[in-house]
Amino acid sequence: MKKVALCGTLLLDEIKMIDRYPEKGMLVTITGTGRAVGGAVCNSGVDLKVLAPDVAVEARGLVGNDEK
């Protein structure tokens, strides 16, 4: 089996659902929130599995202290 290890930026995307796309300078209502993985490693890993499902994909990264 082929294996790939991806290293780089791993992110947690904070997603805001809105009631409509705002025009410049206008406000909109946030109707919901969510979280999803993001960054080059996660996005590339998902895309690679779609293109080559038989390849084992592994993500590598370090945890930072961004909250501090």
Side-chain angles (χ1 to χ4, degrees):
M1 171 184 270
K2 295 179 182 180
K3 298 179 184 179
V4 173
L6 300 168
C7 301
T9 305
L10 297 144
L11 302 173
L12 175 66
D13 293 335
E14 295 282 344
I15 301 166
K16 309 290 191 247
M17 281 68 83
I18 56 177
D19 59 350
R20 67 183 185 285
Y21 192 82
E23 294 180 30
K24 186 175 180 178
M26 296 192 67
L27 299 175
V28 295
T29 302
I30 296 174
T31 58
T33 61
R35 291 182 173 176
V37 295
V41 171
C42 299
N43 295 338
S44 298
V46 169
D47 291 343
L48 182 56
K49 286 302 283 186
V50 169
L51 293 171
D54 58 321
V55 174
V57 178
E58 187 175 291
R60 298 280 176 109
L62 298 173
V63 177
N65 61 354
D66 295 11
E67 294 291 323
K68 294 181 179 183

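The figures that follow rest on heavy atoms only: side chains count, while hydrogens, waters and symmetry mates do not.
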Group every Ile, Leu, Val, Met, Phe, Trp and Tyr by side-chain heavy-atom contacts under 4.5 Å, then state whether Leu48 and Leu11 land in the same group. no
Side-chain hydrophobic cluster, 4.5 Å single linkage: members besides Ile15: Met17
Please give the remaining members of the hydrophobic cluster of Val28, linking ILVMFWY side chains under 4.5 Å, ordered by chain and number. Ile18, Ile30
Contact list for residues 16-30, test salt bridge (charged side-chain N to carboxylate O under 4.0 Å, His left out), sequence neighbours left out: none
Please report, to 0.1 Å, the donor-acceptor pairs under 3.5 Å made by any side chain of residues 51-61, with sequence neighbours excluded.
from	atom 1	to	atom 2	distance (Å)
Glu58	OE2	Arg60	NE	2.6
Glu58	OE2	Arg60	NH2	2.4

Show every donor-acceptor pair shorter than 3.5 Å between a side-chain atom in residues 34-44 and any protein atom, with sequence neighbours excluded, or say none if there are none.
from	atom 1	to	atom 2	distance (Å)
Arg35	NE	Glu14	OE2	3.0
Arg35	NH2	Glu14	OE2	3.3
Asn43	ND2	Gly39	O	3.2
Ser44	OG	Ala40	O	2.8

